[in-house]
Amino acid sequence: MSQLSKMLENITSNLKKVHDEINSCLQRAERSQNDLTLLCVSKTKPISQIIEAYNAGERHFGESYISEAKDKIPQIKEMGYKDIVWHFIGPIQSNKTKHIAELFDIVESVDRLKVAQRLSDQRPKNLPPLKVLIQVNISNEEQKSGCSYADLDVLINEVQNLPQLELCGLMGVAEDTADKEIIDKSFVKLHETFNSLKQKLPHFDILSIGMTHDMDLAIKEGSTEIRIGTAIFGARNYGKL
Ligand SMILES: *Cc1c(COP(=O)(O)O)cnc(C)c1O
C-alpha cells in the first residue's frame, strides 16, 4: 500500500474511532445520540485529507489561520464541495476580518466588540448573516484569547445589535493541564452560563467545548459541538506554515 493511501485509510478509521468514542460518551452521560456536532479541525492539513473526511461523511470543518484558509476553502469550493460548513476557530486580528467574513459560515472566536463590528460590516450582503459564537476565557490564563466572564453580558448585547451577525452560542478552550478537575470545573461554569443565556436569547444553541484530550469531560458537561483535530488527522506539523 502506498504511503498516501495508507494515510487516507487512517483518516477514515480514525473518524470511526472518534464517532465510537462520542457515542459511548453520550451514552455514559445519558444524552441522546445525534445530539452533538463533530467539527473536524483541519488546520495545517492538506485538501486531500479534508476530502477524505468529507467522503467519510463529515460536513463541518474548522480552520485557524487566514493565510491558509484563503487558499484552501476557495479551492475546495471550486472542486464542487459546496455543502461544507466552515468554522473559523483561531485568534482574530482585526485587520484579517474581511477574509473571515467572506470565507466562513461560523466564527467561534469572537471576543471583542471591534472584531464583531468589523465582521458585521464586512459580511457580503449576498450571504446570510454570519453566525458567531463568543469565545469565553475559561482558563484563567492571561495570554489566552476570549472574553472574560465579567465582560460577557455587555459584549452579548452589543453583538445582538449588529445586523449581519447571528449570535448562536459560546465557545471555550480549557486550560492545557493534566488536572481533569480544573478542566471539568471550567466546563461546568461555561455550561451554566450558556444555559441561562439560552433562556433569554433566540438561536442560542451551540456550546462548543471539547478537543482531542478533553472531549469526554466536555460531552459529560453538555457540549453540543466538539472540535477535534489530532484524533482525526494526526499530529500537526507547523513547519510548513
Ligand atoms: C487546534 C484547535 C483544536 C483541535 O485541537 P486537537 O487537540 O488537535 O483536537 C480545537 N480548538 C481550537 C480552538 C483549536 O485551535
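Everything quoted here is computed from the prediction, not taken from an experiment. All ligand and atom numbering here is 1-based and tracks the order in the structure.
Nearest to atom 6 (P) of ligand 1 by heavy atom, out of I209, T212, I228, is T212.
Close N/O approach between H213 and ligand 1 is not found [any backbone or side-chain N/O within under 3.5 Å]. Annotation: G229 places an N or O atom under 3.5 Å from an N or O atom of ligand 1; distance criterion only.
Using the six-membered ring where Trp is involved, F88 and F104 have ring planes that are perpendicular, over 60° apart on the 30 and 60° scheme. The aromatic rings of Y54 and Y81 sit perpendicular to each other, their planes meeting at more than 60°, with 30° as the lower class boundary.
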Practice task
Would you sort out whether K98 and E102 count as a salt bridge (Lys or Arg N to Asp or Glu O under 4.0 Å), showing the intermediate values?
Solution key: CA-CA 6 Å; K98 186 164 186 292; E102 289 171 355; 2.8 Å; yes
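The contact set between ligand 1 and S64, taken as ligand atoms under 4.0 Å from a residue heavy atom, comprises 15 (O).
Scanning the protein for heavy atoms near atom 2 (C) of ligand 1, the closest one is K43 NZ, 2.6 Å. Given atom 11 (N) of ligand 1, the protein heavy atom at minimum distance is R227 NE, 2.8 Å. The nearest protein atom to atom 5 (O) of ligand 1, hydrogens excluded, is given as M211 CE, 3.4 Å; this is a heavy-atom distance.
A heavy-atom distance below 4.5 Å is not found between the side chains of V41 and M211.
Contacts of E108 with ligand 1, taken as heavy-atom pairs under 4.0 Å, are absent altogether.
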